[in-house]
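The figures here come from the full heavy-atom set of this structure, side chains too, leaving out hydrogens, waters and symmetry mates. Labels below follow one simple rule: chain letters A, B, ... track the order of the sequence lines, proteins then strands, and each chain is numbered from 1.
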Protein chains: 2
Amino acid sequence: MATLKDISVELGLSVATVSRALNGFPEVGARTRTRVQEAAARLGYRPNRSAQRLATGRSGVVGMIVKLRADMSADQTFFDVITSLTAELAARDLDLVLSVDQGDDPVAPYKRMLERDLLDGFVLNAPVPNDPRPGFLMSRDVPFVMHGQAHDAPDYAFFGIDNAAVSADAVELLTTLGHRRIALINGEARFAFAAEREAGFRAAMAAGAGAVPDSAVADGPPTENTGYTLALSWLSGRTGPRPTAILCATTPVAAGVLRAARDLGLSVPGDLSVMAHDDALPNIRPAHFNPALTVTHAPLREACAPLAQMLVDHLNGAPPARLQTVIRAGLIVRASTGPVPKGEDIPWQIP
Amino acid sequence: MATLKDISVELGLSVATVSRALNGFPEVGARTRTRVQEAAARLGYRPNRSAQRLATGRSGVVGMIVKLRADMSADQTFFDVITSLTAELAARDLDLVLSVDQGDDPVAPYKRMLERDLLDGFVLNAPVPNDPRPGFLMSRDVPFVMHGQAHDAPDYAFFGIDNAAVSADAVELLTTLGHRRIALINGEARFAFAAEREAGFRAAMAAGAGAVPDSAVADGPPTENTGYTLALSWLSGRTGPRPTAILCATTPVAAGVLRAARDLGLSVPGDLSVMAHDDALPNIRPAHFNPALTVTHAPLREACAPLAQMLVDHLNGAPPARLQTVIRAGLIVRASTGPVPKGEDIPWQIP
DNA sequence: CTGAAAGCGCTTACAG
DNA sequence: CTGAAAGCGCTTACAG
């Protein structure tokens, strides 16, 4: 394995200059930099991470703790995020060490990893309302970045989508089409994003379609089965007036709703409009649903590069309160949404 | 953070001696070792991994590549193994870096990780028949250990259970109870362990109960749904004579079989005996099934300590062909198996 | 049984 | 713009 020394000998430069050239220090001459870069490529130079880490005092390792849920439903989104996050961190010379935890104490696994004393920072996933992890890590001065947002005006680094707008955009599309009885199959209530979506949903509905009864909001694991079961119960009409549109937390949930409609002989979008939020998981193509699914669209994996970069910036001393990004999901109108059925543009009745 | 130097100053010893004492070198005097260990504990000494790694030339990082399947069914066993493996490797000062791959080429992701040139070795999971990964890694002299076994007389390190015996033990129990028409819901055919289980099943059946028609062997994802669907079709009797016993690849599959029996009004074990192989996943308690499930039993997570140790030994120069262990699963007889129903002890007919 | 010393491959003040 | 040198915290022949 070629070292800085090899390059320096090859070019008659000092190791220091070679190091500076490769690390993009501005004071290096353009010609020198080019020569160094070429020699590095020619010799197949790769920095020795352990040496870099020893010299800089960083471990180059960041951690992420995955909560295993009691119901054992391995989250499909998990793999997608891990894939991208690992790659994005690797591109920035950081290794990601995963640790799976099954305990009840949300900060205990972080304490445990910190004790081993070899982590530069954390990526926090699956925030819950009033998540205690940011407070704990900040009290110990441990850098981290959160995927999502657990508090209203956080003083920590995070990247997420505007979940209230996800609901509002969907509601606005549907109310413009005349819908008033819109139901929501939300993500699991214990997660912060779900709380934001529900709040956004209720606010947008109140503004455009009328108040929403509790019976028109439900949640469950983000599966086809959840969608099927809830839609079947709502659409059968046994539980009161039927919704004319259903908003789904994920595309698999929407697949279940579509199946329920089919089983009940309801046409989509003739009798029922269906929308979902689309995390753009691989192997799930809402464009190929039948009918093609109207969605709000925000690929989960696109969060990974910003998250990795924020963490690097944070490690390099950037103030975390500057490392905050909220992006707005896109809206893709396809064939699963249409005008409200005639005579059905009647708001929910609050009991 | 305390260093070796701190300890050496504290005790008036050399850094070298402190290092030797802490690393268990035999030549250190017993009293000296004790003093050093006490001082290390008192000062909260933790070795600096980067320094160790730089000095030893090892990265201290091993990789594991997780294949993401097209059907997106995140394997429940995955989390269990990752949890334990991470912990066991950490206890041996190794970090585990996961990489998720979705491509078709089984060795490409290993090549890619190798190019980054910072891995000491790999843990290989989910072996398939004639798995190309061992050959590739051996050709590059990359240490690895396989969870399971992909070849008949491997020349590489691996740890696994005797899958043929898993089937044979189950078949023997059932034939002793008089069963002759035993059906198998196997793990997915693309995995090596499933091929071993099927071969073991057919051999044991041929020896004790008669040959098995292809229609009595099926496979699918290791889910409740797989068990329910297959059992329903077999037990309805539409596809030929009913099995009097069903062997399941996993406990969730058995849960599905039990539900199918219930739905059809069949009693277990009166009309049907049910067995499964139990990976001992958390939150699944075959002892609490109704009836309590008879199983072959081999906790997946118990493979992790041996795997971690084997990898360490391999990294320390042990010849991989010595690092091979096959353990035998246990057999736990509970209430889901019983004597064959009267007059039903008639072998399968091969069409 | 213990120590002095070299070395692992980087980074980064300090000088010029 | 470049270099000489110290230092990061270990490990490990080599000597005694």
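Distance B:Asn48 CG to C:dC8 P: 18 Å, rounded to the nearest Å. The distance from atom NZ of A:Lys5 to atom P of C:dT11 is 16 Å, rounded to the nearest whole Å. Distance CG (B:Asp6) to P (D:dG9): 9 Å, rounded to an integer number of Å. Atom pair B:Arg35:CZ and C:dC1:P shows a separation of 15 Å (rounding to whole Å applied). In this structure, the CG atom of B:Asn316 is 14 Å from the C1' atom of D:dT11, given to the nearest Å. What separates CG of B:Leu4 from P of D:dT12 is a distance of 12 Å, to the nearest Å. As a whole-Å value, the separation of A:Phe25 CZ from D:dG3 P is 15 Å. Remark: C1' of D:dC10 and CG of B:Leu22 are 11 Å apart, rounded to the nearest angstrom.
Across all strands shown, A:Gly29 has heavy atoms under 4.0 Å from sugar-phosphate atoms exclusively, and none from any base. B:Arg53 comes within 4.0 angstrom of no nucleic acid atom, judged by non-hydrogen atoms across all strands. Contacts of B:Gln52 with the nucleic acid, taken as non-hydrogen atoms under 4.0 Å apart, involve only primed sugar atoms and P, OP1 or OP2. Here A:Arg20 lies in heavy-atom contact (under 4.0 Å) with a base. Using a 4.0 Å heavy-atom distance criterion, B:Arg46 is classed as a sugar-phosphate-only contact.
Contact between the side-chain N/O atoms of A:Ser19 and the OP1/OP2 oxygens of C:dT11 is found at a separation under 4.0 Å. OP1 or OP2 of C:dT11 sits under 4.0 Å from a side-chain N or O of A:Asn23. Residue A:Thr17 has no polar side-chain atom (N or O) positioned under 4.0 Å from OP1 or OP2 of D:dT2. The side chain of A:Thr32 places an N or O atom within less than 4.0 Å of a non-bridging phosphate oxygen (OP1 or OP2) of D:dT2. Taking 4.0 angstrom as the limit, A:Thr56 places none of its side-chain polar atoms (N or O) nearer than this to OP1 or OP2 of C:dT11.
Across all non-hydrogen atoms, the minimal contact from B:Arg35 to B:Leu11 is NH2-O, 3.3 Å. A:Pro320 and A:His314 make their closest contact through CB-NE2, 3.8 Å (heavy atoms, listed as atom of the first residue, atom of the second, distance).
Ranking C:dG9, D:dT2, D:dC10 by closeness to the A:Leu54 side chain, first place goes to C:dG9. Ranking C:dG3, D:dG3, C:dC1 by closeness to the A:Ser14 side chain, first place goes to D:dG3. Between C:dG3, D:dG9, C:dC10, one nucleotide has an atom nearer to the side chain of B:Ala51 than all others, and that is D:dG9. Checking C:dT12, C:dT11, C:dC1 against the side-chain heavy atoms of B:Glu27 singles out C:dC1 as nearest.
With A:Leu85 as reference, A:Val123 is the one residue of A:Leu311, A:Val123, A:Val62 to meet the side chain to side chain contact (heavy atoms under 4.5 Å, CB included) rule.
Counting heavy atoms from C-beta outward, B:Met146 and B:Leu307 have side chains that stay 4.5 Å or more apart.
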Starting at the 5' end of DNA chain C, what dot-bracket string do you get if Watson-Crick and G-U pairs under 3.5 Å are bracketed, crossing pairs use [ ], other-strand pairs use | and unpaired bases use dots?
|||.||||||||.|||
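No side-chain donor from either of B:Gln52 and B:Asn48 sits under 3.5 Å from a side-chain acceptor of the other.
Using cut-offs of 30° and 60° on the angle between ring planes, the pair B:Phe144 and B:Tyr156 is tilted.
In summary, A:Arg53 and A:Asp95 engage in a salt bridge, as defined by a charged side-chain N under 4.0 Å from a carboxylate O. A salt bridge does not link A:Glu38 with A:Arg42: none of the charged nitrogens is closer than 4.0 Å to a carboxylate oxygen.
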